[in-house]
Amino acid sequence: MIAGPPASSKKALPVSDAPPRPRPLLPLWAAVVVSAIAGAVLDLAYPSVGWWPMAFIGIGLSLVALIGRSAWGAVLVGFVFGAVFFLIHIMWITRYLGVVPWFALAGLETLFMAAGSVPIALAYRWMPRVLPGTAARLIVLPLLVAGLWTARELFMGSWPYTGFPWARIGMSQSESPLAHLASWVGVSGLTFLMVAFTAAVIEWLRMRRLADVRTALPAAVLAVLLLVVPAFPTTAAGDLRVGAVQGNGPSGYFDPRDRNDVLNAQLAASAPLFGEDLDVLLWPEGGIDSDPLADTGTAAVLDSLAERVDAPLIVNAATTRGDDTFNTSMLWIGGEGAVQLHDKTNPVPMGEYVPDRWFFEAIAPDLIGLIQREYTPGTNPPLFDLDGIGIGLAICFDVIYDDVIWQGARDGAQVYMLQTNNADFRDTDENLQQLAFARMRAIETGRAVVNLSTVGTSQVIAPDGSTIDGLPAGEAGHLLTDVPLRTGLTPAVVIGGALKLLIGWGSAAALVALGVAAMMTRRRTKTTPAPEGTGVGRSR
């Protein structure tokens, strides 16, 4: 018998014996095309089209284009996906401001989308090296991909200048049977579950073991979770009779108008409520075009209105206190004036103020010169106490910031009154997209929402997301509605902040650990000696 070679002569396995790098599912040119289609399809899930299942198709096409890609390949397909989606999704910016702000914002979000595609591609590359088993592929990989997608959303929604959390995947589901999950995990948690389900289905199909029912279990469990778990219940606490007035005045930034034209439009639309029994009269953002804290004539008009309707007012105007200007909501009581104030927490960059104005004026002086407003961020709570009833507040774009909404609920809000002014985006999708966010906030917090615009569409939304009452866009009118009150906090409000930290930083840490493990695995594979007897054959 001829023995194998001595131990000292063992040979290392060649690099080719390492676990193979996943091959792209699509050639790069096809991945670029699919990414462009994915961006357009994803936009269809949001208003005004609102075909919510398209979100899953858009996510799926985007992930398929990323599987097996190199880092630079991921940047390219992520860039195309982001560019197509955002250029369509926020086209409403061009309504008055033209193409420069549209390209600037869409371009910035596209860059973030492209950069955030690299970690997802790395997860697909590294996971088979470190955890090649079936369970890891069907469970761990989809969860990591979902976490990285959600982390990208969270980053884009917080930086720079408070971010732009406008297009989160979860927000596309305001009228879908999945919206109820937002009461448990919030909007970002819903994004996570949707992406995890889509990624799990992709892996199930890639395994090509459809006859093995066990391989479908992870995706099936997620599907059941998405569809079957009921909304978290909050407790009924009576109702509040709310008058809400949509004046349809010339309230756009560039609308030609004389002094108090907007105020007069609101007064005219409020007249039918005189003599009605109501607990509070609500006006929209910018419903007063002069500062009632400084203008005695405007203050007298509000006092008279409060007396005519025999109820407190919740109104909004630009106010100046000291050297600062604020976008301010006021609880106004006749004869007493503004007894409580809330200033907008997150003024809109490049809309309500210009951050680093010196820098941007050097780039586009004519455009930046149009933005004369310089609102200061507010620090007072987004809550009014109306005779013991908590009124949660969010002024216009503040509706898209979780912390503003959650703080109101934690501080005791039993109903939300969201004041907005969509006049700069008349006849665009912006109005309906923002209304969808208001609907998601109702479901997420388990509280009714009165979403009131100067120009529409205004609605009263029940805690389950259904519409109680409403006014069409572009028409002056009023609502008089018994709005349900609720108490109790949903899990989304209680753990939402911690859940976002866990998903965001947890998925980033998991990817780093996975990368280190993949590197160590590759290094060991390069240097591992061949088993006994593999060098020279043996004979008997």
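Quick note: residue numbers are just sequence positions, from 1.
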Practice item. Please report the C-alpha distance between Asn451 and Tyr416 in whole Å, then the side-chain angles of each, then the deciding distance to 0.1 Å, and finally whether the side chain to side chain donor-acceptor pair (under 3.5 Å) criterion is met. Key: CA-CA 8 Å; Asn451 186 79; Tyr416 283 91; over 6 Å; no

Return the [atom1] to [atom2] distance between [X] and [Y], rounded to the nearest 0.5 Å.
X: Asn422; Y: Thr428; atom1: CG; atom2: OG1; answer: 8.0 Å
X: Leu108; Y: Phe164; atom1: CG; atom2: CZ; answer: 10.5 Å
X: Leu144; Y: Leu131; atom1: CG; atom2: CG; answer: 10.0 Å
X: Ile405; Y: Thr445; atom1: CD1; atom2: OG1; answer: 7.5 Å
X: Ser62; Y: Trp149; atom1: OG; atom2: CH2; answer: 4.0 Å
X: Ile391; Y: Leu485; atom1: CD1; atom2: CG; answer: 7.0 Å

Check your understanding: Phe425 vs Phe397 aromatic rings, parallel, tilted or perpendicular, using cut-offs 30° and 60°?
Key ->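 Geometry flag for Phe397 against Phe425: parallel rings.
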
Can you confirm whether the side chains of [X] and [Y] place a donor and an acceptor under 3.5 Å from each other?
X: Trp166; Y: Gln433; value: yes
X: Thr481; Y: Asp469; value: yes
X: Trp52; Y: Ser172; value: no
X: Ser174; Y: Arg439; value: no
X: Thr191; Y: Glu153; value: yes

Review point. Please walk me through it: do Ser48 and Asp429 pass side chain to side chain donor-acceptor pair (under 3.5 Å)?
Key: CA-CA 6 Å; Ser48 60; Asp429 289 349; 3.0 Å; yes

Review point. Thr420 and Leu435: side-chain contact (heavy atoms from CB on, under 4.5 Å), yes or no, with the steps?
Key: CA-CA 10 Å; Thr420 186; Leu435 182 63; over 6 Å; no

N/O donor-acceptor pair under 3.5 Å between [X] side chain and [Y] backbone:
X: Trp204; Y: Leu138; result: no
X: Arg441; Y: Val399; result: yes
X: Arg95; Y: Glu430; result: no
X: Ser158; Y: Gly163; result: no
X: Gln419; Y: Ile395; result: no
X: Ser458; Y: Ser453; result: yes
X: Ser117; Y: Met113; result: yes
X: Glu109; Y: Gly82; result: no
X: Asp398; Y: Thr345; result: yes
X: Gln459; Y: Leu471; result: no

Practice item. Give a yes or no on whether Phe232 atom CZ has more than 12 heavy-atom contacts from other residues, nucleotides or ligands under 6.0 Å away. Key: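 Above 12, so yes.
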
Check your understanding: Any salt bridge between Asp403 and Lys500, counting N to O under 4.0 Å?
Key ->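 Lys500 and Asp403: not salt-bridged.
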
Please report the shortest heavy-atom distance between [X] and [Y], naming the atom on each side.
X: Ala237; Y: Gln414; result: CB-NE2, 3.9 Å
X: Met194; Y: Gly170; result: SD-CA, 4.5 Å
X: Ala448; Y: Pro484; result: CB-O, 3.5 Å
X: Ala36; Y: Val84; result: O-CG1, 3.4 Å
X: Ile443; Y: Ala179; result: CG2-O, 3.3 Å
X: Arg214; Y: Pro218; result: O-CD, 3.9 Å

Practice item. Report the residues that fulfil side-chain contact (heavy atoms from CB on, under 4.5 Å) with Thr198, sequence neighbours left out, ordered by chain and then residue number. Key: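 Here the qualifying residues are Phe56, Ile59, Ile202.
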
Check your understanding: By ring pair (Phe, Tyr, Trp, His ring centres under 6.0 Å), which residues pair with Tyr46, not counting sequence neighbours?
Key ->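 By the ring pair (Phe, Tyr, Trp, His ring centres under 6.0 Å) rule, Tyr46 matches Phe85, His89.
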
Do [X] and [Y] have side-chain heavy atoms sitting under 4.5 Å apart?
X: Pro349; Y: Phe360; result: no
X: Val483; Y: Asp239; result: no
X: Val449; Y: Val460; result: no
X: Thr490; Y: Thr234; result: yes
X: Val494; Y: Trp406; result: no
X: Val493; Y: Arg447; result: no
X: Arg168; Y: Leu190; result: no
X: Met156; Y: Pro165; result: no

Which residue, [options], forms the side chain to side chain contact (heavy atoms under 4.5 Å, CB included) with [X]?
X: Val32; options: Leu26, Leu76, Ile37; answer: Leu76
X: Phe192; options: Ile503, Leu499, Val185; answer: Ile503
X: Met520; options: Arg523, Arg522, Arg524; answer: Arg524

Exercise for review: Could you walk me through whether Arg129 and Trp126 pass side-chain contact (heavy atoms from CB on, under 4.5 Å), step by step?
Suggested key: CA-CA 5 Å; Arg129 297 181 187 174; Trp126 291 339; 4.1 Å; yes

**Study point:** side-chain contact (heavy atoms from CB on, under 4.5 Å) between Phe86 and Met91, worked out
**Key:** CA-CA 8 Å; Phe86 279 104; Met91 191 179 292; over 6 Å; no

Exercise for review: Apply side-chain contact (heavy atoms from CB on, under 4.5 Å) to the pair Trp92 and Asn431, showing each step before the final yes or no.
Suggested key: CA-CA 9 Å; Trp92 40 263; Asn431 172 35; over 6 Å; no

